[in-house]
Number of protein chains: 2
Amino acid sequence: MSQAFRLKQAIEDAVIAGEFRPGDRLDEASLAERFGVSRTPIREALLQLGAEGFIDVRPRRGAIVSVPSPTDLFEMFETMAEIESACGRLAARRLTPESDAAMEAAHRACEAAAHRGDSEQYYADNRNFHEAIYRASRNSFLADQAFALHKRLSAYRRIQLRARNRLLQSLQEHAGILEAIRAGDEQLAATRLHNHVLVQGERFSDMVLGLAGDRRSARASSTSGTAK
Amino acid sequence: MSQAFRLKQAIEDAVIAGEFRPGDRLDEASLAERFGVSRTPIREALLQLGAEGFIDVRPRRGAIVSVPSPTDLFEMFETMAEIESACGRLAARRLTPESDAAMEAAHRACEAAAHRGDSEQYYADNRNFHEAIYRASRNSFLADQAFALHKRLSAYRRIQLRARNRLLQSLQEHAGILEAIRAGDEQLAATRLHNHVLVQGERFSDMVLGLAGDRRSARASSTSGTAK
DNA sequence: TAAGATAGCTTTGTATACAATTAGCACGAA
DNA sequence: TTCGTGCTAATTGTATACAAAGCTATCTTA
């Protein structure tokens with residue numbers, strides 16, 4: 001399985017990096033050639049990625065990078081908002097000096113990137129900031145869930161961070177979140193994180209839909225699932 | 001992949017049914033013989049189950065049914081509590097007549113089983129009740145996450161529902177949850193669900209640890225991960 | 001007797017071959 | 001032109017063969 005695990009990571013990275021776009025076919029033979037292995041470990045990697053919901057493996061019809069509908073995306077962002085706010089609530093309850101320092105450092109990095117207007121760097125630092133919060137929940141299982149979903153959404157998150165003023169607004173929201181966690185105010189930390197994440201989802205939905213419509217009605221129209 | 005998907009389900013069922021206990025080795029050759037297929041689809045099934053966190057696949061050392069530590073279990077129950085309360089919060093916000101009817105029906109079934117003292121049946125009906133809440137969130141992605149985690153915890157949940165009086169207490173909690181969702185009280189629904197789930201985790205931890213100790217201190221002692 | 005090394009057996013990982021299903025395309029009819 | 005039908009090529013699914021790593025038991029040595 002050594003190869004299969006390495007390949008799983010490599011394919012996942014390629015998807016995250018945007019080398020394979022949503023809807024692209026992940027052909028076993030070409031991937032095998034590209035990585036210089038046989039189809040066997042490629043298939044094993046693809047099936048694992050499929051089980052994690054990263055790609056769509058349709059029996060007998062090959063694997064493709066999943067193409068979440070706007071509804072799917074909204075549901076994923078809403079779920080992310082719930083999970084992140086849970087992390088924030090626990091972080092506020094269980095804050096340690098180490099967690100505090102980690103979040104502080106990540107926040108400082110975001111600050112620097114935002115003031116330089118470097119959105120690529122902000123994107124990376126933003127991720128560190130959020131991951132610091134996940135860890136601060138001191139629940140590694142919950143944190144792992146948060147990591148996984150964060151990764152799955154990263155492609156969509158990146159796009160909408162491009163707007164300059166969103167960068168500064170995001171930074172301010174971070175400051176508020178950190179403040180609430182430090183104050184030990186579980187409720188406030190949860191609420192602020194929830195809004196922070198959900199506003200990203202809404203902005204993205206708007207961008208995709210090309211309209212400033214009511215998300216409630218958009219959501220309610222479909223019941224299709226996404227995972228496996 | 002047709003075979004592989006069927007096998008994945010079959011092996012998962014066997015694990016849930018307790019046929020394979022935590023720590024048991026899932027030998028590729030014996031599974032292949034048992035199901036009358038070659039090792040290839042067996043491997044594919046095992047790797048998928050591994051990616052979902054259902055079993056532990058250690059490269060070159062075979063797959064075993066995962067053995068979560070008490071800390072892991074507590075973290076999983078705590079995460080389940082957070083996800084379920086999120087479902088309850090959304091259910092209260094978005095309640096429809098259909099969701100209401102589904103939850104009502106499931107609750108009635110629980111009631112009947114509880115009064116007969118039929119814990120096996122209550123176990124099944126309880127699952128339906130919780131799944132009705134997940135669906136009532138009208139967020140299928142979140143609901144899928146909840147289903148998945150519920151399944152992973154089912155083995156541990158079953159054990160502690162054996163206690164007779166816990167059955168009746170559980171039923172009463174269900175009634176309170178349903179009431180809060182119907183009243184549209186998001187906060188109350190979330191809180192009640194959170195407590196309902198977490199008390200199960202605590203009871204289980206107590207059972208496992210064989211002591212009525214302080215869970216906070218138990219938790220804090222480890223930082224080991226679980227997922228993939 | 002205990003500890004360590006080694007040989008042999010067991011099990012996993014990868015490649016390859018073949019079977020089976022799907023998808024694309026040409027062709028013909030309405 | 002458009003829809004349906006059948007054929008061909010490409011792709012996936014499974015089995016099998018072989019290579020490589022891990023495990024166990026035995027034998028040697030202190």
Side-chain angles (χ1 to χ4, degrees), chain A residues 1-15 19-69 224-228, chain B residues 1-15 19-67 224-228:
Chain A
M1 283 163 187
S2 209
Q3 288 274 44
F5 277 59
R6 193 178 64 79
L7 293 168
K8 177 186 153 204
Q9 194 62 45
I11 295 171
E12 184 181 304
D13 289 347
V15 170
E19 189 173 342
F20 298 113
R21 313 294 259 325
D24 282 2
R25 251 167 98 35
L26 296 168
D27 180 63
E28 294 177 5
S30 357
L31 287 169
E33 191 182 19
R34 165 173 173 166
F35 291 108
V37 297
S38 78
R39 279 175 49 223
T40 309
I42 294 287
R43 280 177 62 79
E44 294 184 346
L46 290 177
L47 287 167
Q48 288 181 80
L49 290 171
E52 288 176 16
F54 230 90
I55 64 176
D56 232 46
V57 180
R58 307 157 303 173
R60 294 239 171 243
R61 307 191 50 212
I64 62 169
V65 180
S66 15
V67 250
S69 70
S224 76
T226 293
K228 28 166 179 100
Chain B
M1 284 164 186
S2 208
Q3 287 276 43
F5 277 62
R6 193 178 65 78
L7 293 167
K8 177 188 155 203
Q9 193 62 47
I11 295 171
E12 184 181 303
D13 290 346
V15 170
E19 189 172 343
F20 299 112
R21 312 295 256 328
D24 282 2
R25 254 170 92 44
L26 295 168
D27 179 61
E28 294 177 6
S30 357
L31 287 170
E33 192 183 18
R34 165 173 172 164
F35 291 108
V37 297
S38 79
R39 279 175 49 223
T40 309
I42 293 287
R43 280 178 63 80
E44 294 184 346
L46 290 178
L47 286 168
Q48 289 182 79
L49 290 171
E52 290 175 16
F54 230 91
I55 63 176
D56 233 46
V57 180
R58 307 158 303 174
R60 294 246 172 238
R61 305 191 53 212
I64 61 169
V65 179
S66 15
V67 250
S224 76
T226 293
K228 48 185 164 67

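The model shown is predicted, which means the values in this text are computed figures rather than measured ones. Every chain is numbered from 1 and lettered A, B, ... according to where its sequence line falls, protein lines coming before strand lines.
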What is the distance, rounded to the nearest whole Å, between atom [atom1] of [X] and atom [atom2] of [N]?
{"X": "Ile64(A)", "N": "dA23(C)", "atom1": "CD1", "atom2": "C1'", "value": "15 Å"}
{"X": "Arg60(B)", "N": "dA21(D)", "atom1": "CZ", "atom2": "C1'", "value": "5 Å"}
{"X": "Ile42(B)", "N": "dG13(D)", "atom1": "CD1", "atom2": "C1'", "value": "14 Å"}
{"X": "Arg58(B)", "N": "dA21(D)", "atom1": "CZ", "atom2": "C1'", "value": "14 Å"}
{"X": "Leu46(A)", "N": "dG13(D)", "atom1": "CG", "atom2": "P", "value": "10 Å"}
{"X": "Arg6(B)", "N": "dG13(D)", "atom1": "CZ", "atom2": "P", "value": "15 Å"}
{"X": "Lys8(B)", "N": "dT14(D)", "atom1": "NZ", "atom2": "P", "value": "14 Å"}
{"X": "Leu47(A)", "N": "dG13(D)", "atom1": "CG", "atom2": "C1'", "value": "11 Å"}

Fill in: Ser38(B) (side chain) donor-acceptor with Ala32(B) (main chain) under 3.5 angstrom
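Not confirmed, Ser38(B) side chain does not pair with Ala32(B) backbone.
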
Discussion item. What verdict does the side chain to side chain donor-acceptor pair (under 3.5 Å) test give for Gln9(B) and Arg6(B), after you've listed the backbone C-alpha separation in whole Å, the side-chain angles of each residue and the deciding distance to 0.1 Å?
Written reply: CA-CA 5 Å; Gln9(B) 193 62 47; Arg6(B) 193 178 65 78; over 6 Å; no

Discussion item. In the structure I gave you, are the side-chain heavy atoms of Leu46(B) and Leu31(B) within less than 4.5 Å of one another anywhere?
Written reply: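 Heavy-atom side-chain distance check passes, below 4.5 Å.
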
Worksheet entry | Within-4.5 Å side-chain heavy-atom neighbours: Phe54(A) and Ile11(A) |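 No, side chains not in contact.
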
From [X] [atom1] over to [Y] [atom2], what is the distance, rounded to the nearest 0.5 angstrom?
{"X": "Lys8(B)", "Y": "Ile42(B)", "atom1": "NZ", "atom2": "CD1", "result": "14.0 Å"}
{"X": "Arg43(A)", "Y": "Gln48(A)", "atom1": "CZ", "atom2": "CD", "result": "12.5 Å"}
{"X": "Leu47(B)", "Y": "Ile55(B)", "atom1": "CG", "atom2": "CD1", "result": "8.0 Å"}

Protein-nucleotides 9-11 of chain C N/O pairs closer than 3.5 Å?
{"residue": "dT11(C)", "atom": "O3'", "partner": "Arg25(B)", "partner atom": "NH2", "Å": "3.3"}

Practice prompt. Output the single nucleotide from dA17(C), dG22(D), dA15(D) whose closest atom is nearest the side chain of Arg61(B).
Written response: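 Closest of the options to the side chain of Arg61(B): dG22(D).
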
Worksheet item: Looking at Arg43(B), does any N or O in its side chain come under 4.0 Å of the phosphate oxygens OP1/OP2 on dT12(C)?
Response: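 Indeed not, no polar side-chain atom of Arg43(B) lies that close.
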
Worksheet item: OP1, OP2 of dT14(C) versus side-chain N and O of Thr40(A): anything below 4.0 Å?
Response: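 The answer is no; no side-chain N or O of Thr40(A) sits under 4.0 Å from OP1 or OP2.
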
Worksheet item: When you match Arg39(A) and Ala63(B) each to their closest nucleotide on DNA chain C, which lands nearer the 5' end?
Response: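 Upstream on the strand: Ala63(B).
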
